[in-house]
2 protein chains.
Amino acid sequence: MTYSIGQVAKKLGLTTHTLRYYDKEGLLPSVHKSSSGLRVFTEKDLEWLIIIECLKGCGMSLKDIKHYIDMCMQGDETILERLEMFKKQKEHLVLQMQQLKEYMEKIDYKIAYYTEAAKRGSIDAVQYNKCLMKEKERIFGQTIKNLTEDDDN
Amino acid sequence: MTYSIGQVAKKLGLTTHTLRYYDKEGLLPSVHKSSSGLRVFTEKDLEWLIIIECLKGCGMSLKDIKHYIDMCMQGDETILERLEMFKKQKEHLVLQMQQLKEYMEKIDYKIAYYTEAAKRGSIDAVQYNKCLMKEKERIFGQTIKNLTEDDDN
DNA sequence: CTTAATCTTAAAGTAAACTTTAAGTTATAA
DNA sequence: TTATAACTTAAAGTTTACTTTAAGATTAAG
């Protein structure tokens with residue numbers, strides 16, 4: 001089973017322009033051309049693209065992704081470096097997930113805050129909900145305290 | 001307790017340039033100026049900046065963040081719109097967290113893959129680890145199947 | 001056979017979120 | 001008092017990851 005550039009674009013939610021751009025940038029070294037010059041994508045190429053998307057989604061730049069692809073092309077001598085790269089990415093991802101959890105706490109607080117404001121009819125009245133105020137202290141107080149601990153004054 | 005622009009920059013890991021830029025863009029309407037024209041930041045302003053960072057970290061553009069700030073300045077008539085905004089952000093955040101989990105699966109697979117390659121001394125030899133191959137099928141097979149279901153062919 | 005898709009190169013354009021430069025003025029801390 | 005930090009406006013520059021345009025040539029699908 002093989003795919004045209006248009007089919008792949010559709011599958012992955014990219015444009016054909018973007019795929020050719022990736023190809024030009026050296027991110028798709030495994031994509032072959034048919035005798036008539038058309039790009040032919042295999043399942044393997046889809047896997048590559050899925051990994052590219054994964055690394056991109058983790059915040060890696062195309063330049064660094066290209067470095068990874070280059071290592072893959074180089075062969076077995078880069079196995080350890082590739083392993084290290086993914087270990088570092090994992091650490092990064094763990095931090096990102098932690099970060100998102102903290103954002104979630106703040107957003108949940110804001111939802112509770114504005115729900116209360118809607119119920120009471122005004123922002124000013126929210127302060128009378130002691131429970132919410134305690135929650136606010138917990139979330140922002142802690143964050144600000146962390147900041148204060150971080151600096152050197 | 002108040003803070004100078006430099007102290008705030010240090011606390012939040014921004015530059016004074018960035019803070020003035022935010023101010024110019026209307027993201028810091030609550031920051032006052034001293035009689036001599038210096039920006040004076042309060043705890044309240046730190047909270048604003050923490051929320052800005054939160055929304056930015058969730059992927060919201062400065063333009064949309066400004067829209068939120070503008071709503072806050074408008075008063076109680078925007079309470080419901082603000083509530084909706086945070087509810088939408090929460091949904092978005094849930095998807096992001098789900099996404100990161102899927103990335104984590106792929107990265108964990110790659111770590112296992114390269115660990116095995118390192119142990120066996122070559123990429124080619126990894127295929128003999130049936131367990132890993134099954135894992136690969138589970139992770140990529142599923143992702144590709146999802147893609148295939150998504151399109152209209 | 002015709003239409004839609006693909007190919008090429010090469011260059012210019014875009015958007016976001018800053019960053020830098022310039023160049024002079026004023027304020028605060030040690 | 002002196003060095004460091006803050007202030008101003010305004011404009012230009014940077015980076016990333018595309019997107020768009022042009023313009024013709026070729027190919028595949030119905």
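These numbers come from the heavy atoms of this one structure, side chains and all, not from hydrogens, waters or symmetry mates. Chain naming here is simple, since letters A, B, ... match the order of the sequence lines and numbering starts at 1 in each.
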Kindly say if [X] contacts the phosphate of [N], meaning a side-chain N or O under 4.0 Å from OP1 or OP2.
X        : N       : answer
Thr15(A) : dT19(D) : yes
Thr16(B) : dA5(D)  : no
Tyr22(A) : dC18(D) : yes

Given 3.5 Å as the limit, does a donor-acceptor pair link the side chain of Asp45(A) with the main chain of Thr42(A), or not? yes

Cation-pi check for Tyr113(A) against Lys110(A): NZ or CZ below 6.0 Å from the six-membered ring centre and within 45 degrees of the axis, yes or no? yes

How long is the line joining [atom1] of [X] and [atom2] of [N], in whole Å?
X        : N       : atom1 : atom2 : answer
His17(A) : dT20(D) : NE2   : P     : 7 Å
Lys24(B) : dT8(D)  : NZ    : P     : 11 Å
Arg39(B) : dA5(D)  : CZ    : P     : 17 Å
Ile52(A) : dC18(D) : CD1   : P     : 10 Å
Gln7(B)  : dT28(C) : CD    : P     : 13 Å
Lys33(A) : dT6(C)  : NZ    : C1'   : 11 Å
Leu14(B) : dA17(C) : CG    : P     : 14 Å
Leu38(B) : dT26(C) : CG    : C1'   : 8 Å

Here the gap from Ile51(A) atom CD1 to Ile107(B) atom CD1, rounded to the nearest 0.5 Å, amounts to 7.5 Å

Spatial distance of atom CD (Gln89(B)) from atom OH (Tyr68(B)) [nearest 0.5 Å]: 11.0 Å

Name the closest nucleotide to the Lys56(A) side chain, picking from dT27(D), dT20(D), dC18(D). dC18(D)

Among dC18(D), dC7(C), dC18(C), the one nearest Leu62(B) by side-chain distance: dC18(C)

Just to be sure I understand the rule, does Ser34(B) reach a base, reach only the sugar-phosphate, or reach nothing, if contact means heavy atoms closer than 4.0 Å? nothing

Hey, what's the ring geometry for Tyr114(A) with Phe86(B), parallel, tilted or perpendicular (30° and 60° as the breaks)? parallel

For Met60(B) and for Gly6(A), find the nucleotide of DNA chain C with the closest heavy atom, then tell me which residue's nucleotide is more 5'. Gly6(A)

Quick one: on DNA chain D, does Ile5(B) or Ser36(A) contact a more 5' nucleotide (nearest heavy atom)? Ile5(B)

